[in-house]
Amino acid sequence: MNVWISREDRDARAGTGRLGPWLRCWSPRPTARLHLVCLPHAGGGASSYRPWAALLPPQVELLVVQYPGREDRFDDPMVDDMADLVAGIADDLRPVLDRPYALFGHSMGSAVGWELALELRRRGASEPRRMFASGRAAPGTATTGEVHRQPDEVLHRELERLGGTTGEVLADPGLRAVVLGCVRNDYRLIETYRPERHTPLHCPIDVFTGDADPELPPETVNERAGGWADLTTAGAETRVFPGDHFYLNRRRREVVASVLRRLDPSLAPNGQTWPSTP
C-alpha cells in the first residue's frame, strides 16, 4: 500500500476534468474505444494500478477506483459496508461509461467488481465486456473470518502472510498505523459482506491467481473457476501465474497482456510497451 502521494497521483483526477472523487485516470484518452476499470485489494489504493497506464494501447483508457481514507482521499471517512462502497463508485462511474468497459478486481476488489457490475446493470448500464477476478474465490464461496476483530499484531502477521506490503512500511510506527487502519476497515467490509442471489452476468469472467496464492490456490480455481463459473452464463476461464497473492506486481506485463488478449487479440502488445500519453 502506498501512503505517500506524488504530484502525478494528485493530478490523476484533476487532469481529466470529468471524474468524481472515486476515480483516477493518469492518461486520459478521449478517443479510446473501451475503458478498463480496476479495483484495488483490501488496504490498497489506486496507485497500485498506476504502472498499468504505460502498458495499455491508445485504444484503452485506464480508470482506477480510489477508495476513501487512503492516498489522496486520506481525509475522507473510510467505508466498511459493501453496498455503500459500491453505490459511491457507481455514482461516479455510471456517467462516464460512454463506451464498452471491462472490470478488473484483485482480492477484495474482485468482490467489489462483481457487486459493481450488478449495481451498474440495475442502473441501466450495459454489462462489462469481460470481468477479471483476481486472487479471490467467488462471492458466497470465498472463505471469510474475523481478522478485523483481532489486535494489530494479528493484522501485521496477515500482511506478512500475503506479502505486498514492504517491511520498511510495517517497521515505521506511523506508516504501520495508517496501513493497519485501512486494512482493518477493508477486512471488516469483506468479512461482514453477505452476497445476495442475483441473476448471473452474461459476460465472460476470467479468473487469475498465483500458483502460490494462499487465498486462491490452483486446486480451488479448478473447482468451477473458484465458483466464478456459477456467476455468469458466458463461462469462466482461468489463468495461473507464477507467484503469491500479489503475483500481479511481479508479473505486471504478463497480466496486462493477458487482459488485452482476452478483451481483443488485436490489442495484445507483442512485447511492445505503449506510451503513457494518448
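Quick note: numbers below take in every heavy atom, side chains included, and nothing from hydrogens, waters or symmetry partners. Position 1 is the first residue of the sequence, and the numbers go up from there.
- Of the charged side-chain nitrogens involved, none lies within less than 4.0 Å of a carboxylate oxygen, so that Arg136 and Asp213 do not count as a salt-bridged pair.
- Cluster annotation: Met78 and Val179 are assigned to distinct hydrophobic clusters (Ile/Leu/Val/Met/Phe/Trp/Tyr, side-chain heavy-atom contacts under 4.5 Å, transitive).
- Annotation: side-chain hydrogen bond (donor to acceptor under 3.5 Å, both in side chains) contacts involving residues 114-125, sequence neighbours excluded, comprise Asp91-Arg123, Glu115-Tyr193, Glu119-Arg122, Glu119-Arg123, Arg121-Glu127.
- Of the listed residues (Leu23, Asp98, Leu103), just one forms a side-chain contact (heavy atoms from CB on, under 4.5 Å) with His35, and that residue is Asp98.
- Ser48 places no side-chain N or O within donor-acceptor distance of the main-chain N or O of Gly44, the cut-off being under 3.5 Å.
- Checking side-chain atoms of Arg130 against main-chain N and O of Asp206 turns up no donor-acceptor pair under 3.5 Å.
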> Can Leu56 and Leu260 be said to form a side chain to side chain contact (heavy atoms under 4.5 Å, CB included), step by step?
Replying inline: CA-CA 8 Å; Leu56 295 173; Leu260 293 173; 3.9 Å; yes
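- The local environment of CD in Glu196 is sparse, with at most 12 non-hydrogen atoms from other residues, nucleotides or ligands closer than 6.0 Å.
- Judged purely by distance below 3.5 Å, without hydrogens or angles, the side chains of Arg239 and Ser258 pair a donor atom with an acceptor atom.
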>> Run the side chain to side chain contact (heavy atoms under 4.5 Å, CB included) test on Gln59 and Leu34 for me, step by step, so that the C-alpha distance in whole Å, both residues' side-chain angles and the decisive distance to 0.1 Å come before the verdict.
In response: CA-CA 7 Å; Gln59 301 96 319; Leu34 62 91; over 6 Å; no
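- The closest side-chain donor-acceptor pair between Glu61 and Ser27, if any, does not fall under 3.5 angstrom.
- Side chain of Arg24 to main chain of Pro21: a donor-acceptor pair is present (N/O by atom type, distance under 3.5 Å, no hydrogens or angles).
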>> Let's go through Ser47 and Glu71 carefully: what are the C-alpha distance in whole Å and the side-chain angles of both, what is the deciding distance for side-chain hydrogen bond (donor to acceptor under 3.5 Å, both in side chains) to 0.1 Å, and is it a yes or a no?
In response: CA-CA 8 Å; Ser47 64; Glu71 297 183 346; 2.4 Å; yes
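- The distance between the ring centers of Tyr67 and Trp22 does not fall below 6.0 angstrom.
- Leu180 CG to Glu158 CD: the interatomic distance, rounded to the nearest 0.5 Å, is 11.5 Å.
- When atom types are taken as modelled, the side chain of Asp244 and the backbone of Ala212 share no donor-acceptor pair closer than 3.5 angstrom.
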> Where do Ile89 and Leu39 land on the side chain to side chain contact (heavy atoms under 4.5 Å, CB included) test, with the steps shown first?
Replying inline: CA-CA 10 Å; Ile89 300 169; Leu39 302 113; 4.2 Å; yes
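- Of the residues listed (Asp92, Val96, Leu93), the one engaging Leu19 in a side-chain contact (heavy atoms from CB on, under 4.5 Å) is Val96, and it is the only one.
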> Going through the distances and angles, do Leu267 and Arg33 end up as a side chain to side chain contact (heavy atoms under 4.5 Å, CB included)?
Replying inline: CA-CA 11 Å; Leu267 297 173; Arg33 56 186 175 90; 3.4 Å; yes
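- The six-membered or imidazole ring of His106 lies away from that of Phe208, with a centre-to-centre distance of 6.0 Å or more.
- Taking both residues in full, the closest heavy atoms of Ala32 and Pro58 are given as CB-O, 3.6 Å, listed atom of the first, atom of the second, then distance.
- Within the 3.5 Å criterion, the main-chain N or O of Pro57 finds a donor-acceptor partner in the side chain of Arg29.
- When only modelled atom types and interatomic distance are considered, Thr232 and His202 share no side-chain donor-acceptor pair under 3.5 Å.
- The closest donor-acceptor contact from the side chain of Asn222 to the backbone of Pro218 lies under 3.5 Å.
- For the atom pair Asp230 CG and Thr141 OG1, the distance stands at 8.5 Å (nearest 0.5 Å).
- Considering CZ of Arg50 and SG of Cys38, their distance stands at 15.0 Å, rounded to 0.5 Å.
- Salt bridge status for Arg70 with Asp186: present, with a side-chain N to carboxylate O gap under 4.0 Å.
- With hydrogens and angles disregarded, a donor-acceptor distance shorter than 3.5 Å links the side chain of Thr209 to the backbone of Leu216.
- Interatomic distance, CZ of Phe241 versus CZ of Arg250, reported as 15.5 Å (0.5 Å rounding).
- For Gln66 (side chain) and Arg73 (main-chain N/O), no donor-acceptor pair under 3.5 Å exists by modelled atom type.
- By the 4.5 Å heavy-atom criterion applied to side chains, Pro51 and Arg252 are counted as neighbours.
- Side-chain N/O atoms of Ser126 and Tyr101 include no donor and acceptor closer than 3.5 Å.
- For the atom pair CD of Glu191 and OH of Tyr187, the computed distance is 7.0 Å after rounding to the nearest 0.5 Å.
- Here Leu118 contributes atom CG and Thr199 contributes atom OG1; the two are 9.0 Å apart, rounded to the nearest 0.5 Å.
- Neither Trp228 nor Val240 shares a network with the other; the hydrophobic side chains, linked directly or stepwise wherever heavy atoms of I, L, V, M, F, W or Y lie under 4.5 Å apart, form separate groups for each.
- Hydrophobic cluster membership is shared by Val86 and Leu97, with clusters built from Ile, Leu, Val, Met, Phe, Trp and Tyr side chains linked at under 4.5 angstrom.
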